[in-house]
Engineer: 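Have a look at the structure that comes next, please.
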Number of protein chains: 2
Amino acid sequence: MQKYREIGLKLTPQRLAILEYLDGNTSHPSAEDIYREVKKRFPTMSFATVYNTLEVLRKRGNLLELTIDPERKRYDPNTSPHHHLICLRCKKIVDVHVDYRIDLPQKERESFEVFGNHIEFYGICNNCKQKGGVMNGSV
Amino acid sequence: MQKYREIGLKLTPQRLAILEYLDGNTSHPSAEDIYREVKKRFPTMSFATVYNTLEVLRKRGNLLELTIDPERKRYDPNTSPHHHLICLRCKKIVDVHVDYRIDLPQKERESFEVFGNHIEFYGICNNCKQKGGVMNGSV
DNA sequence: TACTAAATTAGAATAATTCTAAAAAACGTT
DNA sequence: AACGTTTTTTAGAATTATTCTAATTTAGTA
């Protein structure tokens with residue numbers, strides 16, 4: 001999120017607020033997280049603005065849309081290659097900054113143009129584990 | 001899907017139809033794909049039955065719920081560890097049967113109980129590539 | 001064959017996301 | 001500083017995937 005150097009983008013206060021909220025944010029917020037936060041400063045803020053802005057940032061390559069949480073999309077302003085660890089209970093997501101080198105077999109590389117990969121580690125975070133509960137298929 | 005040995009499950013014709021459709025299926029169908037197909041044989045079939053059955057199978061460990069396609073959940077009757085390659089355009093998903101061994105750093109293993117991992121490779125399949133179109137952030 | 005718990009059904013409800021059309025605002029140009 | 005054009009914001013409606021509900025039906029057992 002190169003601070004405020006948003007060449008080619010109209011810099012509105014709402015967008016700035018979203019950018020500031022995202023800048024350095026490692027909580028992998030959902031659209032609603034962002035909406036709730038920014039709405040504090042701009043009470044008329046609408047969901048459409050959040051989604052529009054996120055889409056614009058994604059198209060510019062400044063934001064990753066994560067498909068890890070089965071309930072909602074999560075967003076990551078850190079666009080450098082990295083992986084994620086998610087808690088199956090509370091859906092907390094943390095970064096995994098390790099450069100695993102992973103190659104695809106020739107067969108798949110022939111039938112796809114592969115752009116990259118992303119590893120999703122899954123488990124239960126300490127916080128949820130201490131809260132207890134059964135550990136069957138229901139997680 | 002151990003054929004018809006559904007101990008502890010009431011074996012209804014609708015469930016059998018779903019099981020048969022899933023058996024050996026590597027297309028990673030969505031709930032709607034399953035619904036559409038099974039409805040041919042059982043025109044009164046409802047979505048609730050599909051979702052209920054999928055949930056029962058998942059809880060029994062006979063089905064994986066994939067969170068890869070940003071638009072809908074996809075299901076995989078192959079529960080042995082493997083990975084996936086998805087086309088960002090048409091959302092086709094293919095299996096990747098390679099055993100990468102991937103370890104998490106100590107730091108993360110301390111704050112989570114990690115059950116496993118899953119690699120998502122992403123790109124554009126040949127079919128979509130030949131159809132052309134721009135290759136910007138919009139995919 | 002009868003019982004009972006579990007499954008199916010149609011449709012309503014919910015939740016995330018997208019769309020719409022009108023009003024407002026950014027930014028380059030006067 | 002005001003103007004004009006194009007983009008953005010807004011409130012709310014619309015859409016889509018998924019879940020829930022309550023009544024009816026059915027599988028599996030006694």
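Below, chain A is the first sequence line, B the second, and so on; all start at residue 1. Bear in mind that the values here come from a model prediction, so they are computed numbers and not experimental data.
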Engineer: Using a 4.0 Å heavy-atom cut-off, does A/S46 contact any base of the nucleic acid, only the sugar-phosphate backbone, or nothing at all?
Structural biologist: base

Engineer: So what does B/P13 hit on the nucleic acid, given a heavy-atom distance under 4.0 Å: a base, only sugar-phosphate, or nothing?
Structural biologist: sugar-phosphate

Engineer: How close or far is atom P of D/dT16 from atom CD of A/E71, stated in whole angstroms?
Structural biologist: 22 Å

Engineer: Do the charged groups of A/R72 and A/E32 touch, with an N to O distance under 4.0 Å?
Structural biologist: no

Engineer: Is it the case that D/dT18 (base atoms only) and B/K73 (side chain only) share a donor and an acceptor within less than 3.5 Å, ignoring hydrogens and angles?
Structural biologist: no

Engineer: Answer yes when A/R41 and A/E20 have at least one side-chain N-carboxylate O distance shorter than 4.0 Å, and no when they do not.
Structural biologist: yes

Engineer: What is the distance, rounded to the nearest whole Å, between atom CZ of B/R72 and atom P of D/dT15?
Structural biologist: 16 Å

Engineer: Can you name the closest pair of heavy atoms from B/Y100 and A/L104 and give their distance?
Structural biologist: OH-CA, 3.8 Å

Engineer: When A/Y35 is tested against each of A/F47, A/F42, A/Y51 for ring-ring contact (aromatic ring centres under 6.0 Å, His included), which residue passes?
Structural biologist: A/F47

Engineer: With heavy atoms under 4.0 Å as the rule, sort A/T49 into base, sugar-phosphate or nothing.
Structural biologist: base

Engineer: Rounded to whole Å, how long is the line connecting atom NZ of B/K91 with atom C1' of D/dA17?
Structural biologist: 15 Å

Engineer: What is the distance from CZ of A/F42 to P of C/dA25, rounded to the nearest Å?
Structural biologist: 12 Å

Engineer: May I have the distance from A/R41 (atom CZ) to D/dT10 (atom P), rounded to whole angstrom?
Structural biologist: 13 Å

Engineer: Measure distances between side-chain N and O atoms of B/K10 and base N and O atoms of C/dA5, and say whether any donor-acceptor pair falls under 3.5 Å.
Structural biologist: yes

Engineer: When you check the phosphate oxygens OP1 and OP2 of D/dT26, does a side-chain N or O of B/Q14 lie under 4.0 Å from one of them?
Structural biologist: no

Engineer: Regarding B/R74 and B/D76, does a basic nitrogen lie under 4.0 Å from an acidic carboxylate oxygen?
Structural biologist: no

Engineer: What is the separation between atom CZ on B/R60 and atom C1' on C/dA7, rounded to the nearest whole Å?
Structural biologist: 15 Å

Engineer: To the nearest Å, how far apart are B/D69 CG and D/dA17 P?
Structural biologist: 10 Å

Engineer: A/L9 has an atom CG; how far is it from atom P of C/dC27, in whole Å?
Structural biologist: 10 Å

Engineer: Would you say A/T44 places a side-chain N or O within less than 4.0 Å of OP1 or OP2 belonging to D/dT10?
Structural biologist: yes

Engineer: Which nucleotide wins on minimum distance to the side chain of B/E32, given the candidates C/dC19, D/dC20, D/dA17?
Structural biologist: D/dA17

Engineer: With nearest nucleotides of DNA chain C determined for A/N52 and A/A31 from heavy-atom distances, which residue corresponds to the more 5′ nucleotide?
Structural biologist: A/A31

Engineer: Does C/dT8 have its OP1 or OP2 closer than 4.0 Å to a side-chain nitrogen or oxygen of B/R15?
Structural biologist: yes

Engineer: Please tell me if A/T12 has a side-chain N or O lying less than 4.0 Å from either OP1 or OP2 of D/dT8.
Structural biologist: no

Engineer: Do the side-chain N or O atoms of A/Y51 get closer than 4.0 angstrom to the phosphate oxygens (OP1, OP2) of C/dT18?
Structural biologist: no

